[in-house]
Student: 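I'd like to ask you about the structure that follows.
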Amino acid sequence: SQTIHQWPATLVQPVGSPLSLECTVEGTSNPNLYWYRQAAGRGLQLLFYSVGIGQISSEVPQNLSASRPQDRQFILSSKKLLLSDSGFYLCAFRTSGPRAGELFFGEGSRLTVL
Amino acid sequence: QQPVQSPQAVILREGEDAVINCSSSKALYSVHWYRQKHGEAPVFLMILLKGGEQKGHEKISASFNEKKQQSSLYLTASQLSYSGTYFCGTVRLGGSQGNLIFGKGTKLSVKP
């Protein structure tokens, strides 16, 4: 079966510190991968998507970056966090087959920047 | 590009019905609906494709009007378990990789 995991689940970081969130997918190959951020009052905002290893597209300008070093691994990073980076970060992948198009989300990572 | 959802919030008694609307200013290929419980990840409910609709979940159904670029989610005889925030996600015709762009959500609270 297809599963997705992301970590850490919760973290508190000072302004200016680096960030690394990881996401891995199992049970599928060559998935489309996504990073979304959920901040209060803004719904789910698409940050990055990837259609293959090393292929990253950004939907919004920011001080975050993403990388896909392996087919089923997606990493969200920052060199220096801002207060505005606080939020609930969700990794997701798109399924294939009869229900193609459905997004499966990971458990989420709640980031608080102080 | 973000679809607009209405209402922003709704409070129901168990057994009542509700409708959540989603509209886009762009031509759409598909509309997705998700429900999110507090502190959890969103869970897929259903997808409506251009040229048809798909009923995916219990007493929850949806419609998709391609010409008006609108979708509505219908919750019938609501149950306590229906509480949560509902998001519509839209895929534009000709959009990048079929990426989903979500609305701000509609918070639904079902009371006993």
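Residue numbers begin at 1 in each chain, while the letters A, B, ... track the order of the sequences.
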Student: Is the distance between the ring centroids of B:Y34 and B:F102 under 6.0 Å?
Tutor: yes
Student: Based on non-hydrogen pairs under 4.5 Å, which of B:Q5, B:E40, B:Q36 is most in contact with chain A?
Tutor: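 Greatest number of close heavy-atom pairs with chain A: B:Q36.
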Student: Need one label for B:Q2: side chain, backbone, both or neither, based on atoms under 4.5 Å from any heavy atom in chain A.
Tutor: side chain
Student: Looking at B:E14, is its backbone amide N or carbonyl O close enough to the side chain of B:S78 to form a donor-acceptor pair, meaning the two atoms are under 3.5 Å apart?
Tutor: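 No, B:S78 side chain to B:E14 backbone: no donor-acceptor pair under 3.5 Å.
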Student: Taking everything shown except B:Q8 itself, do over 12 heavy atoms lie less than 6.0 Å from its CD?
Tutor: no
Student: Please say whether more than 12 non-hydrogen atoms of neighbouring residues, nucleotides or ligands are located less than 6.0 Å from NZ in B:K37.
Tutor: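 Check passes, neighbour count above 12.
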Student: When hydrophobic residues are tied together by side-chain contacts of less than 4.5 Å, even through go-betweens, does B:Y29 share a cluster with B:I47?
Tutor: yes
Student: For residues A:L114 and A:V15, determine if any side-chain heavy atom of one lies less than 4.5 Å from a side-chain heavy atom of the other.
Tutor: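 Not touching, per the 4.5 Å side-chain cut-off.
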Student: Between A:F104 and A:F93, how do the two ring planes meet: parallel, tilted or perpendicular, split at 30° and 60°?
Tutor: tilted
Student: Stepwise, does the side chain to side chain contact (heavy atoms under 4.5 Å, CB included) test hold for A:E26 with A:Q2?
Tutor: CA-CA 5 Å; A:E26 297 177 359; A:Q2 298 167 330; over 6 Å; no
Student: Heavy atom to heavy atom, less than 4.5 Å: which residues from residues 83-92 of chain A reach chain B?
Tutor: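 At a heavy-atom separation under 4.5 Å, chain B is reached by A:F88, A:L90.
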Student: A:Q45 versus chain B, heavy atoms under 4.5 Å apart: side chain, backbone, both or neither?
Tutor: neither
Student: Where does A:L46 contact chain B at under 4.5 Å (heavy atoms): side chain, backbone, both or neither?
Tutor: side chain
